[in-house]
A.B. asks: 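Quick one: this structure, given as structure tokens, is what I'll be asking you about.
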Amino acid sequence: MSRTMVAGNWKMNTSPAEGARLIQEVMEKVGTPATRVVFGVPALQLMQAQELVAGHTNYAIAAQNMHQETSGAYTGEISAGMLSEVGIEYVILGHSERRDYAGEDDDLINLKIQRALEAGLRPIYCCGEKLDIREAGNQELVVGKQVEQALYSLDPEQIEKIVIAYEPVWAIGTGRTASKEQAQDMHAYIRRMIANQFGADVAQNLTILYGGSVKPNNAVELFSQPDVDGGLVGGASLDAENFAAIVNAIGG
Ligand code: 13P
């Protein structure tokens with residue numbers, strides 16, 4: 001099975017009408033993709049987006065968040081079960097914006113991952129260091145700790161459902177991308193960690209995406225790295241032409 005995937009994280013962008021158009025345009029431009037293509041849409045658009053991709057090979061929808069409890073008095077929240085009931089396949093968890101703006105830490109993210117897996121969702125787990133950490137050369141220490149805290153309590157069957165997205169915070173929305181060497185080094189490090197904890201086979205099949213200013217003009221060189229299996233794309237996923245070009249940058 002191919003490890004490759006290109007996922008868009010639209011964040012809090014697009015109206016429902018714009019979102020529907022964007023999905024339709026990408027699907028028209030790409031046709032049947034050689035890789036998994038995932039649209040991470042705002043909560044309000046999840047059902048509409050799911051209907052648009054249903055039955056189309058290699059397309060799927062991701063939620064951008066969910067709550068760690070299964071139900072209850074949590075005003076404004078959405079549960080994993082609600083997402084899976086309407087056919088959503090993926091959920092982005094641990095994004096640096098939620099760590100920063102919603103105070104999410106790896107213990108909470110671990111709970112969300114457990115809940116997502118119980119409901120049959122596939123978490124796209126985001127990790128990544130901030131600029132000061134990178135400048136001090138401590139990125140493996142910090143990302144290693146994130147991966148350990150969020151994922152090591154899972155069992156091997158569960159880890160097979162996880163997609164990891166390495167997103168250096170200094171590269172998100174800044175136009176500054178990790179070099180292909182920086183991306184490859186960290187992806188290889190994460191894969192080694194997973195191999196040590198869960199075994200070589202699990203690590204070999206694991207999808208590890210790179211995120212942070214992925215654009216049509218850098219996607220090919222990033223995706224050609226042996227441990228970079230695709231991208232989690234923010235800004236460039238909001239433009240059908242750019243996103244289609246990034247999808248087509250994957251060899252298949
Ligand atoms: P940009 O592609 O806009 O840098 O965003 C990356 C990101 O945060 C994807 O989750």
Side-chain angles (χ1 to χ4, degrees), residues 4-14 18-19 22-23 26 35-43 45-46 49 60-66 88-102 104 106 109 112-113 116 121-131 133-134 139 142-143 146-147 150 162-180 182-183 186-187 190 207-223 225 228-250:
T4 64
M5 173 186 292
V6 174
N9 176 8
W10 294 0
K11 310 189 180 182
M12 196 174 71
N13 294 297
T14 71
E18 289 166 345
L22 181 51
I23 290 176
V26 170
T35 184
R36 209 96 231 274
V37 175
V38 178
F39 300 99
V41 307
Q45 299 179 36
L46 284 164
I61 301 301
Q64 298 177 13
N65 182 36
M66 46 154 265
I88 303 304
E89 201 172 329
Y90 295 91
V91 57
I92 299 170
L93 294 173
H95 194 280
S96 64
E97 287 150 17
R98 293 210 57 86
R99 293 176 192 261
D100 277 356
Y101 308 145
E104 295 193 8
D106 277 304
I109 296 160
K112 290 192 178 195
I113 289 172
L121 297 173
R122 300 192 58 186
I124 300 175
Y125 170 66
C126 304
C127 54
E129 80 287 353
K130 294 192 170 167
L131 184 60
I133 301 290
R134 168 66 62 170
Q139 62 273 10
V142 165
V143 172
Q146 290 174 337
V147 168
I162 302 273
V163 172
I164 296 181
Y166 168 57
E167 299 206 306
V169 180
W170 47 271
I172 294 178
T174 59
R176 185 177 163 187
T177 319
S179 69
K180 59 186 195 305
Q182 287 172 323
M186 184 60 82
H187 283 226
I190 293 170
T207 299
I208 309 180
L209 307 178
Y210 167 79
S213 299
V214 176
K215 308 286 177 207
N217 65 3
N218 58 29
V220 170
E221 76 169 15
L222 286 163
F223 297 171
Q225 299 305 300
V228 178
D229 303 316
L232 181 55
V233 185
S237 72
L238 297 170
D239 178 275
E241 195 152 328
N242 284 339
F243 191 61
I246 293 170
V247 169
N248 289 330
I250 290 257

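Whatever order the structure lists ligands and atoms in, that order sets their numbers, starting from 1. If you're wondering where the values come from, they're calculated on a predicted model, not measured in any experiment.
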A.B. asks: Do I172 and E97 make a side-chain contact, defined as non-hydrogen atoms from C-beta onward lying under 4.5 Å apart?
C.D. replies: yes
A.B. asks: Could you grab the distance from atom CG of L238 to atom NZ of K11, nearest 0.5 Å is fine?
C.D. replies: 9.0 Å
A.B. asks: For ligand 1, what N or O to protein N or O distances fall under 3.5 Å?
C.D. replies:
{"from": "ligand 1", "atom 1": "2 (O)", "to": "S213", "atom 2": "N", "distance (Å)": "3.4"}
{"from": "ligand 1", "atom 1": "2 (O)", "to": "G234", "atom 2": "N", "distance (Å)": "2.9"}
{"from": "ligand 1", "atom 1": "3 (O)", "to": "G235", "atom 2": "N", "distance (Å)": "2.8"}
{"from": "ligand 1", "atom 1": "4 (O)", "to": "G173", "atom 2": "N", "distance (Å)": "2.6"}
{"from": "ligand 1", "atom 1": "4 (O)", "to": "S213", "atom 2": "N", "distance (Å)": "2.8"}
{"from": "ligand 1", "atom 1": "5 (O)", "to": "K11", "atom 2": "NZ", "distance (Å)": "3.4"}
{"from": "ligand 1", "atom 1": "8 (O)", "to": "K11", "atom 2": "NZ", "distance (Å)": "2.8"}
{"from": "ligand 1", "atom 1": "8 (O)", "to": "H95", "atom 2": "NE2", "distance (Å)": "2.8"}
{"from": "ligand 1", "atom 1": "10 (O)", "to": "N9", "atom 2": "ND2", "distance (Å)": "3.0"}
{"from": "ligand 1", "atom 1": "10 (O)", "to": "H95", "atom 2": "NE2", "distance (Å)": "2.9"}
{"from": "ligand 1", "atom 1": "10 (O)", "to": "E167", "atom 2": "OE1", "distance (Å)": "3.1"}
{"from": "ligand 1", "atom 1": "10 (O)", "to": "E167", "atom 2": "OE2", "distance (Å)": "2.9"}

A.B. asks: Do Y90 and R36 have side-chain heavy atoms sitting under 4.5 Å apart?
C.D. replies: yes
A.B. asks: Distance check, rounded to the nearest 0.5 Å: L209 atom CG versus N9 atom CG?
C.D. replies: 11.5 Å
A.B. asks: Only one of E104, E167, Q64 clears side chain to side chain donor-acceptor pair (under 3.5 Å) with H95; which?
C.D. replies: E167
A.B. asks: List the atom pairs, with distances to 0.1 Å, where a side-chain N or O of residues 214-222 and a protein N or O form a donor-acceptor pair under 3.5 Å, not counting sequence neighbours.
C.D. replies:
{"from": "N218", "atom 1": "OD1", "to": "K215", "atom 2": "N", "distance (Å)": "2.8"}
{"from": "N218", "atom 1": "ND2", "to": "T177", "atom 2": "OG1", "distance (Å)": "3.1"}
{"from": "N218", "atom 1": "ND2", "to": "S213", "atom 2": "O", "distance (Å)": "2.9"}

